[in-house]
Amino acid sequence: MTHKIAVLGAGKIGEALLGGMLRAGRSPADLLVTVRRAERAQVLRARHGVEAVGNAEAAKTADTLILAVKPQDMAALLDELAPHAPADRLVISAAAGITTSFVESRLTRGTPVVRVMPNTPALVDQAMSVISGGTHATERHLAHTEDIFNGVGKTLRLPESQQDAATALSGSGPAYFYYLVEAMTDAGILLGLPRDKAHDLIVQAAVGASVMLRDSGEHPVTLREAVTSPGGTTISAIRELENHGVRAALIAALEAARDRSRQLATGG
């Protein structure tokens, strides 16, 4: 038997999921997409061979509904889906801050809901997607969700109570690294390097450091200390980072992101 999956809201993350499912061997005939603009539907049909339908038709037809809209658009979407989605549909919410209880309360009683927080490296199959099951989600539903999101990177199950923290760390996480690379590039220019050369140096340093963190099994303190010679250049830089409160600023920034995730759940 075929299992139809609909992606409702095919922005960057939604389209990345479509591509991941196709690369994993799913047929375009088993995938549906909903979009607001006809021209966007034409683009997705040309790129991926998938059919664009309305939200109501997707709810009636697909076995799994992936809600990839913005948090502020979720309530309206759920109101539109509710009359058409029977309780046996698996509903996967990929919107920041939206709780499974919020989704469950607006759909047919007993609907299985899974909350997922992916991040933008899904565009290059290097996402981290954090998965939490709702009240009616079973192991089968969680495994099916993992199967979908493993197509664009890695998955990690966490209790839903930790989803806001995961959003702050992982969902928003790539932006912090881009911000750091931007600042380091400006520093390289200040030190006399051309922008393109500074960029290449920093990006490769970031890639190399990330691979070492992932593959070495070493604690980041151990890896940092291996670069930090007594009286050398690195410790001089680290001293300035500490003097300027960079560590405290990062902690405060992540707390702010977590708090904003919580606010989104209440429509704030």
Side-chain angles (χ1 to χ4, degrees), residues 12-13 16 20 94 96-97 116-132 146 149-159 161-264:
K12 290 183 178 181
I13 293 295
V116 183
M117 186 68 251
N119 58 17
T120 55
L123 298 170
V124 292
D125 293 346
Q126 292 295 325
M128 174 57 82
S129 299
V130 181
I131 295 174
S132 304
E146 287 176 330
F149 283 82
N150 279 335
V152 292
K154 293 186 175 182
T155 58
L156 176 69
R157 292 191 198 184
L158 283 178
S161 61
Q162 297 176 2
Q163 271 280 4
D164 293 316
T167 297
L169 282 169
S170 180
S172 301
Y176 314 145
F177 287 96
Y178 304 145
Y179 183 87
L180 181 61
V181 168
E182 179 187 0
M184 292 177 69
T185 300
D186 288 344
I189 295 168
L190 179 66
L191 297 174
L193 291 169
R195 177 175 291 277
D196 61 333
K197 299 299 189 294
H199 176 82
D200 289 348
L201 287 168
I202 294 160
V203 169
Q204 187 54 37
V207 171
S210 297
V211 172
M212 289 185 71
L213 275 168
R214 185 190 65 191
D215 296 346
S216 70
E218 297 286 352
H219 192 282
V221 171
T222 302
L223 294 173
R224 178 178 61 78
E225 288 178 344
V227 188
T228 310
S229 304
T233 59
T234 305
I235 192 61
S236 296
I238 295 294
R239 180 188 62 187
E240 290 303 313
L241 291 172
E242 293 293 349
N243 286 342
H244 286 80
V246 172
R247 186 186 302 264
L250 281 171
I251 293 171
L254 290 167
E255 287 180 327
R258 178 207 58 196
D259 294 344
R260 180 57 182 152
S261 180
R262 290 173 176 171
Q263 290 172 357
L264 288 170

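For the numbers below, each heavy atom of this structure counts, side chains included, while hydrogens, waters and symmetry mates do not. Predicted model, so just to flag it, every value in this text is computed and none were measured.
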**Student:** Would a distance-only check, ignoring hydrogens and angles, find a side-chain to backbone donor-acceptor pair under 3.5 Å from Gln163 to Leu158?
**Tutor:** no
**Student:** Is there a side-chain contact between Arg195 and Asp186 in this structure, where contact means two heavy atoms from C-beta onward sitting under 4.5 Å apart?
**Tutor:** yes
**Student:** Would you compute the distance between atom CE of Met117 and atom CG of Leu169 and round it to the nearest 0.5 angstrom?
**Tutor:**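 Output value for this atom pair is 12.0 Å.
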**Student:** Closest heavy-atom contact between Lys12 and Leu123?
**Tutor:** O-CD2, 3.4 Å
**Student:** How close do Ser129 and Phe149 get, heavy atom to heavy atom, and via which atoms?
**Tutor:** OG-CD2, 3.4 Å
**Student:** At what distance, to the nearest 0.5 angstrom, does CG of Asn150 lie from CD1 of Ile131?
**Tutor:** 7.0 Å
**Student:** Hey, could you give me the CG/CE distance between Leu223 and Met212, rounded to the nearest 0.5 Å?
**Tutor:**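 It is 5.0 Å, given to the nearest 0.5 Å.
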**Student:** For the residue pair Ala16 and Val152, what are the closest heavy atoms and their distance?
**Tutor:**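 Here Ala16 and Val152 meet closest at O-CG1, 3.3 Å.
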**Student:** Once rounded to the nearest 0.5 Å, what's the spacing between atom CG of Asp196 and atom CD1 of Ile189?
**Tutor:** 9.5 Å
**Student:** If I take atom CE from residue Met184 and atom CG from residue Leu190, how far apart are they, to the nearest 0.5 angstrom?
**Tutor:** 13.5 Å
**Student:** Write out all pairs satisfying side-chain hydrogen bond (donor to acceptor under 3.5 Å, both in side chains) with one or both partners inside residues 213-242, taking only residues at least two apart or from two chains.
**Tutor:**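 For residues 213-242, and leaving out neighbouring residues, the side-chain hydrogen bond (donor to acceptor under 3.5 Å, both in side chains) pairs sorted by first residue read Glu242-Arg247.
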**Student:** So which heavy atom on Ala168 is nearest to which on Leu254, and how close?
**Tutor:**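 That closest heavy-atom pairing would be O-CD2, 3.2 Å.
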**Student:** For a 4.5 angstrom cut-off between non-hydrogen side-chain atoms, does Leu213 reach Pro220?
**Tutor:** yes
**Student:** Return the minimal non-hydrogen interatomic distance between Asn119 and Ala127, and the atom names on each side.
**Tutor:**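 Looks like OD1-CA, 3.3 Å.
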**Student:** Using 0.5 Å steps for rounding, measure from the CZ atom of Arg258 to the CD atom of Gln263.
**Tutor:** 11.0 Å
**Student:** Can you name the nearest heavy-atom pair linking Gly97 to Asp164, along with the distance?
**Tutor:** CA-OD1, 4.3 Å
